[in-house]
Amino acid sequence: MSEKILFIDRDGTIIEEPKSDLQVDSLEKLRFEKGVIPALLKLKNFNFKFVLVSNQDGLGTSSFAQKDFELVQNKILDILKSCGIEFQDIFICPHFEHENCACRKPKTALLKDYIIHQLYDKNQSFVIGDRKTDMILAQNLGIQGLLYEPKKNTWEDICNTILSSFRTSFVQRNTKETQISIKACLNGGKSQIQTGIGFFDHMLDQIAVHSGIALEIHCKGDLEIDEHHSVEDVALALGEALKKAIGDKIGIARYGFCLPMDESLARCVLDFSNRPILVYKAKFKKKKLGELSTEMIEHFFYSLSYALGISLHLKVKGKNDHHKAEGLFKAFAKALKMAIKIENESLASSKGML
């Protein structure tokens, strides 16, 4: 299973790197970078795992004795462990750059298991380091690199960047009836929606705009039959994408609520309870709004609620069917925006799980 992984450099990123010889070979040289421990503790609370990846030039040779490295390394690990921080894996390249080995950053040989077995979520993992090679490593892993700079991009800045951008997902759903791809970015961005059903696109755009979630939705379905499969499968894929982006639900508000749309009043209450149910009260005079059957609106929210794992209550009253439909989608979007907002670093459940 893919996890949220932070691949972190050591010298110049976790600890200060001496400018004189670029080598931390004694305890006298050991200094932690400012803010690194509080930042890692906060990221740990959001279930990020840590992997240390470091180049140590000439380790084990006369220029850098193994015992000198281990003395400092063990001290670093002991201090971090006493604060509640541990590394899932530690990878050290001992070679000089001129040796042109396969394991030295930015090459990826040390991380081959993570790559082959897809152990890291590319949408929610990062490389953190102070050198260009760290940023190239990030490119080679297909993830975002964050350059640590003590005066320009501190550990606090990096922590905030990660927590404001890691909640993204990508889902593909291919059946005999539909081919769908959805990318969801909970923290916003540009949206692009194409399902081949104009009014449905308009409604999905309401979810994107009013929830603040960037949605890239592309669907090619069997519209020559009708819109049923496209609407249903988009709902299932969207629910899966949102659920994946939200992840373990640490810190989210969990609940969301409501909305007027001109003469119509739409109400939405939802709960990320992982006990999916839809309670839906809406009546439409028209059988179709554009190319979308009004009966498919309920089916959309039913499929979405079960794929997303939420308790969803929707109700609308009014005269104009277009306004009522739009009110439902907007109300859902606003409730969703409230519910996925990160409020703290704990889980909103007395049971300890959702």
Side-chain angles (χ1 to χ4, degrees), residues 4-46 48-99 101 103-111 114 125-138 141 145-163:
K4 300 188 297 244
I5 304 289
L6 300 181
F7 299 96
I8 310 174
D9 178 45
R10 197 191 80 160
D11 300 2
T13 304
I14 293 176
I15 61 173
E16 294 181 8
E17 186 172 55
K19 294 181 179 179
S20 56
D21 57 4
L22 304 179
Q23 196 172 91
V24 186
D25 50 11
S26 69
L27 294 180
E28 287 73 25
K29 292 182 178 180
L30 179 58
R31 299 285 188 279
F32 280 87
E33 290 287 348
K34 183 179 179 181
V36 61
I37 291 176
L40 291 179
L41 284 173
K42 189 168 187 177
L43 291 165
K44 176 190 171 185
N45 287 340
F46 285 91
F48 280 93
K49 308 298 182 184
F50 307 134
V51 173
L52 184 67
V53 189
S54 177
N55 294 335
Q56 296 292 327
D57 292 6
L59 179 59
T61 69
S62 58
S63 66
F64 195 179
Q66 184 74 33
K67 64 180 179 62
D68 293 339
F69 168 78
E70 290 180 355
L71 179 67
V72 174
Q73 176 74 351
N74 290 336
K75 190 63 163 178
I76 293 170
L77 298 180
D78 286 345
I79 291 172
L80 291 176
K81 186 175 181 179
S82 72
C83 297
I85 300 166
E86 295 186 73
F87 292 99
Q88 179 169 284
D89 277 311
I90 296 175
F91 298 105
I92 306 293
C93 171
H95 304 105
F96 287 106
E97 185 175 3
H98 66 76
E99 294 180 76
C101 66
C103 62
R104 185 181 176 87
K105 289 188 297 181
K107 296 177 182 177
T108 60
L110 289 174
L111 301 172
Y114 279 84
S125 297
F126 301 82
V127 172
I128 305 172
D130 67 315
R131 297 195 177 193
K132 184 178 179 180
T133 50
D134 295 304
M135 301 305 100
I136 298 173
L137 174 64
L141 292 174
L146 298 172
L147 186 66
Y148 171 70
E149 298 177 278
K151 295 182 180 180
K152 294 181 181 180
N153 197 30
T154 66
W155 266 104
E156 182 179 3
D157 295 330
I158 286 173
C159 183
N160 290 335
T161 297
I162 292 172
L163 293 181

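The analysis underlying the following values was restricted to heavy atoms, covering all of them including side chains, and did not include hydrogens, waters or symmetry mates.
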### Side-chain heavy-atom pair L6, I162 within 4.5 angstrom cut-off
yes

### Task
Using a 4.5 Å cut-off on heavy atoms from C-beta on, say whether the side chain of V24 contacts that of I76.
no

### Query
Does the side chain of S63 reach to within under 4.5 Å of the side chain of F96, using non-hydrogen atoms?
yes

### Summary
Correct closest heavy-atom pair for C93 and L110 would be N-CD1, 4.1 Å

### Task
Would you list the pairs meeting salt bridge (Lys or Arg N to Asp or Glu O under 4.0 Å) in which at least one residue belongs to residues 54-82, sequence neighbours left out?
D57-R104

### Message
Just checking E99: does its CD atom have more than 12 heavy atoms from other residues, nucleotides or ligands closer to it than 6.0 angstrom?
### Response
yes

### Query
Considering only heavy atoms from C-beta outward, does the side chain of L137 approach that of L111 to under 4.5 Å?
yes

### Least distance between heavy atoms, K107 atom then C101 atom
NZ-O, 2.9 Å

### Message
Nearest 0.5 Å, please: how far is CD in E149 from CG in D157?
### Response
10.0 Å

### Query
W155 vs Y148 aromatic rings, parallel, tilted or perpendicular, using cut-offs 30° and 60°?
tilted

### Query
Which residue pairs pass the ring pair (Phe, Tyr, Trp, His ring centres under 6.0 Å) test when at least one of the two sits in residues 4-45, sequence neighbours left out?
F7-Y114, F7-Y120

### Nearest-0.5 Å distance, CG of residue L146 to CD1 of residue I158
5.5 Å

### Query
Could you give all pairs that pass the side-chain hydrogen bond (donor to acceptor under 3.5 Å, both in side chains) test and reach residues 126-137, with sequence neighbours left out?
T13-D130, E17-R131, K105-D134

### Task
Scan residues 21-38 for pairs that pass salt bridge (Lys or Arg N to Asp or Glu O under 4.0 Å), counting only residues two or more places apart or in two chains.
D21-K29, D25-K29

### Query
For the residue pair C103 and A109, what are the closest heavy atoms and their distance?
CA-CB, 4.0 Å

### Query
To the nearest 0.5 Å, what is the distance between CG (L43) and CD1 (I128)?
6.5 Å

### With sequence neighbours excluded, residues passing ring pair (Phe, Tyr, Trp, His ring centres under 6.0 Å) with F48
F166

### Message
Once rounded to the nearest 0.5 Å, what's the spacing between atom CG of D9 and atom CD1 of I15?
### Response
9.0 Å

### Query
Can you find a pair of side-chain heavy atoms, one from L80 and one from E86, that are under 4.5 Å apart?
no

### Task
Report the distance from atom CD1 of I5 to atom CZ of F126, rounding to the nearest 0.5 Å.
12.0 Å

### Message
Is there a side-chain contact (heavy atoms from CB on, under 4.5 Å) between I14 and L52? Walk through the geometry before answering.
### Response
CA-CA 10 Å; I14 293 176; L52 184 67; 3.8 Å; yes

### Heavy-atom pair with the smallest gap, counting every atom of L41 and C83
CD2-O, 3.1 Å

### Query
Atom CG in N74, atom CG in L27: separation rounded to 0.5 Å?
10.0 Å

### Message
With no hydrogens and no angle check, just 3.5 Å: does a side-chain donor-acceptor pair link E156 and T154?
### Response
no

### Message
Checking D11 against Q23: is there a side-chain donor and acceptor pair closer than 3.5 Å?
### Response
no

### Summary
Contacts of K44 meeting salt bridge (Lys or Arg N to Asp or Glu O under 4.0 Å) (sequence neighbours excluded), chain-then-number -> none

### Task
Quick one: closest heavy-atom pair of Q73 and I90, and the distance?
NE2-CG2, 3.9 Å

